[in-house]
Structures are given as structure tokens and as C-alpha cells.
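All remarks here apply to the structure that follows.
Throughout, numbering of the chain's residues begins at 1 and tracks the sequence.
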Amino acid sequence: MKIPIFVPFGSHSQEAGLIYLLANYLKATYPEVVQLRCNGMFSTCDRDVDSSWTRTMTTCFACIADQRALSDWSGLPVQEFSAYVTPDDTRETKQWATSLDASQLPQAEFRGMPVSEMCRETFANRFGVSEFEPRNKSHEQFLRKLLVSAARAGLAAQRYHSSYSPDLCLVSGGKDYVTQSFVALSQALKRDVAVFRWDVASRAIHITHPRSNKTLSCELVPEGVLGMRSDYKTWPNELLAIVQGILSFLEIAAGQLKLPISK
């Protein structure tokens, strides 16, 4: 069973710890659990909020290193998301976004993909408002950049599914344009994707089932997972029970992994 995990912002995401715990547990049964890593292929992303939406020389390097540390802790092989974007994609998406009139940006589609919709949450995160003002040059400049990046993310997701054919994807967030594009294209291609989304009101991570759209609320929000032992056999029974409960909800068979006997 091929199970990629896609947590493009690494430990910056509240959901990261829980997803990597699941991946670390699952790899004992499914060797093809992998990390799909964002390696600096986008000119902007929601993690830029930490630097006042200004991309610095170290921004992507720090994020890539963070993701690498998580994959090393989990012992997961890495697949680079950028490998699924071609030079032709880069040229075509930029030419497409440049050709659009400012009034067209809020409803823009690329090859049938609702790209502007994929960017809505990130745009609101940047400006604090969801409504695009065509006469606002800051709005226009940023949205054009977002549309290019979201279109490339969508194309990469399409090509990734066609090439790798994963059985189930575990994805964090689902609100930023990177993960929204991946989730939207996965669902359009009838691929199973489970979204893990932090909910500040309930202080829990809501996990959406890939087919039924039912939601499981998990109050376990592990922080500092890199400080934990990676061997699941050393984890407390309470933690293992939560992990197995999530896998049961997602209908992932891992029955041969038994809880250790309490001493």
C-alpha cells in the first residue's frame, strides 16, 4: 500500500506531529510510506507569514531542513514534489497568469482547475480580507503570483498521481494553496486523501475520512515529536491506542502491529 504524507510546512503545521507518528507506525506494515517534500518550488507560501510575507534567502532552506529532520526521524524515503513540474509547466503557467486582466483573476481557471478558489485562503491570510480589489496593486501582484504557484502545484499533483499511483495520501492543513491544490486535484482524480486540519476552537485536529467525509476529532496534538523515540514499540499504550483508533477510522489495516504488554 502506497501512502505518501504531504506536510509541506513541516513542524510549522500543528498537524505535523500526529501525521508523522502515524507514518512512523505504519511503515512497519507498509514499506511504501513516503514523505512527499516541498523543496522550494514556489515563490511564495503561507509560511512566509513568519517573515512579514517577505521571502528571504533562508526561508526555503530552513523549511526543507525541517522536513528532512522529520523524514529522518520517521525513517521515511523522500520524494521531491518539484520533480513533477516540468520547464514547460513553468513557462506556460507564467504566460497564462500574465495574460489575464486584473478583473479576471478572482475567477481564474487553468486547464479546468479552479485555481483562484485554491488561493482564496492564502489570499485572506495575507491581507486579512477575502475580497480581491482589482485596483489594489498589492492585491493584483500577490494574486498573480499565487495563481502561478497554485497552477504548478495542481499540475504537479496530477503528474504525481499518474506516475506514482498512491493508495492513500495523508495531508496537513488543506487551507493554504499548496495543500488545497493537492487535495482538490487528488479528489478530482478519485484518489483517496485524508486531510488533517487543526481547529483552534476545539483545540483538536479534525481528520476527514477520504471517502465518507466523516470527521474524527483528535485531541492529541504532539509537539516536539523529534524529541520522542522513533520506535513505536517504546511508545506508551495510551498513545498507541490513539494511533490505532485513527487507523481504524481511516480503514487502514495494521492488525499485525500489537500493543506491547504493560509491565
Side-chain angles (χ1 to χ4, degrees), residues 1-10 12-13 16 19-20 23 27 30-48 55 59-61 63-68 70-72 74 76-97 108-119 121-122 144-196 210:
M1 187 174 186
K2 297 179 179 179
I3 307 177
I5 63 171
F6 190 41
V7 187
F9 306 139
H12 186 80
S13 301
I19 292 176
Y20 277 94
K27 71 175 185 179
Y30 303 108
E32 291 184 282
V33 180
V34 300
Q35 180 197 66
L36 180 61
R37 182 169 68 192
C38 176
N39 58 329
M41 62 183 282
F42 303 113
S43 60
T44 189
C45 76
D46 287 64
R47 191 162 178 165
D48 291 339
R55 179 61 58 87
T59 301
C60 283
F61 291 117
C63 187
I64 294 167
D66 183 22
Q67 293 176 77
R68 182 183 298 115
L70 288 165
S71 64
D72 289 346
S74 300
L76 299 180
V78 174
Q79 298 172 331
E80 303 289 10
F81 198 36
S82 64
Y84 298 92
V85 176
T86 69
D88 286 343
D89 294 336
T90 302
R91 287 191 294 270
E92 185 180 356
T93 51
K94 186 170 185 178
Q95 290 171 357
W96 162 75
E109 293 189 359
F110 181 78
R111 293 191 189 176
M113 295 186 292
V115 182
S116 61
E117 186 63 35
M118 299 171 185
C119 297
E121 294 277 357
T122 298
R144 284 189 193 276
K145 188 186 296 186
L146 279 183
L147 291 173
V148 170
S149 295
R152 291 172 184 171
L155 291 174
Q158 286 180 331
R159 200 168 284 117
Y160 178 72
H161 282 292
S162 176
S163 173
Y164 188 62
S165 298
D167 297 291
L168 172 65
C169 303
L170 308 182
V171 180
S172 68
K175 289 186 176 181
D176 62 277
Y177 80 86
V178 178
T179 55
Q180 272 213 2
S181 300
F182 187 87
V183 170
L185 268 296
S186 299
Q187 293 173 338
L189 293 169
K190 308 299 182 185
R191 297 289 188 177
D192 285 350
V193 55
V195 179
F196 293 65

- Query: Would you say the ring centroid of H161 lies under 6.0 angstrom from that of Y84?
  - Reply: no

- Compare all side-chain heavy atoms of R111 with those of W96 and state whether any distance is below 4.5 angstrom. no

- K145 versus S43, closest heavy-atom pair with distance: CG-OG, 3.1 Å

- Message: Any non-hydrogen side-chain atom of F6 less than 4.5 Å from a side-chain atom of C169?
- Response: no

- Set of residues satisfying salt bridge (charged side-chain N to carboxylate O under 4.0 Å, His left out) with respect to R191, sequence neighbours excluded: none

- Item | Q67 CD to S13 OG distance, which is reported to the nearest 0.5 Å | 9.0 Å

- Of the non-hydrogen atoms in V115 and A151, which two are nearest, and what is the gap between them? CG1-N, 3.9 Å

- Using a 4.5 Å cut-off on heavy atoms from C-beta on, say whether the side chain of R68 contacts that of R37. yes

- What's the spacing between S186 OG and Q158 CD if we round to 0.5 Å? 10.0 Å

- Message: Measuring from atom CD of E117 to atom CD of Q180, what distance do you get when rounded to the nearest 0.5 angstrom?
- Response: 7.0 Å

- Message: If you apply the rule side chain to side chain contact (heavy atoms under 4.5 Å, CB included), what do you find for L76 with I5, and how did you get there?
- Response: CA-CA 10 Å; L76 299 180; I5 63 171; 3.7 Å; yes

- Item | SB check R159 D89 (cutoff 4.0 Å) | yes

- Flag the pair F42 / Y177 as yes when their ring centroid distance falls below 6.0 Å, and as no otherwise. yes

- Item | Minimum side-chain heavy-atom gap Y164-V34 below 4.5 Å | yes

- Message: For a side chain to side chain contact (heavy atoms under 4.5 Å, CB included) check, start with the C-alpha distance between V7 and L70, then their side-chain angles and the critical distance, and finish with the verdict.
- Response: CA-CA 10 Å; V7 187; L70 288 165; 5.7 Å; no

- Heavy atoms of M118 and A184 approach each other most closely as CE-CB, 4.1 Å

- Item | Minimum side-chain heavy-atom gap R55-C60 below 4.5 Å | yes

- Heavy-atom closest pair, residues C38 and I64: O-CG1, 3.9 Å

- Message: Test side chain to side chain contact (heavy atoms under 4.5 Å, CB included) on T44 and L146; report intermediate values, then the result.
- Response: CA-CA 7 Å; T44 189; L146 279 183; 3.9 Å; yes

- For the side chain to side chain contact (heavy atoms under 4.5 Å, CB included) test, which of L170, T179, L185, V183 pairs with V193? V183

- Closest heavy-atom pair and its distance - P8, C63: O-SG, 3.4 Å

- Query: Where do R47 and D66 land on the side chain to side chain contact (heavy atoms under 4.5 Å, CB included) test, with the steps shown first?
  - Reply: CA-CA 12 Å; R47 191 162 178 165; D66 183 22; 3.6 Å; yes

- Item | Nearest-0.5 Å distance, CD of residue Q35 to CD1 of residue I3 | 15.0 Å

- Can you check whether F110 reaches L147 side chain to side chain, under 4.5 Å on heavy atoms? no

- Query: Would a 4.5 Å heavy-atom cut-off, applied to side chains only, mark L168 and Y30 as touching?
  - Reply: no

- Task: Please examine the side chains of K94 and T90, heavy atoms only from C-beta on, and report whether any two atoms are closer than 4.5 Å.
- Result: no

- Message: As a test of understanding, state which of D176, D46, D48 forms a side-chain hydrogen bond (donor to acceptor under 3.5 Å, both in side chains) with T122.
- Response: D46

- Query: If you take all heavy atoms of A157 and F182, which pair is closest and at what distance?
  - Reply: CB-CD1, 3.8 Å

- Pairwise distance CG(D192) to CG(D167) - rounded to 0.5 angstrom: 8.5 Å

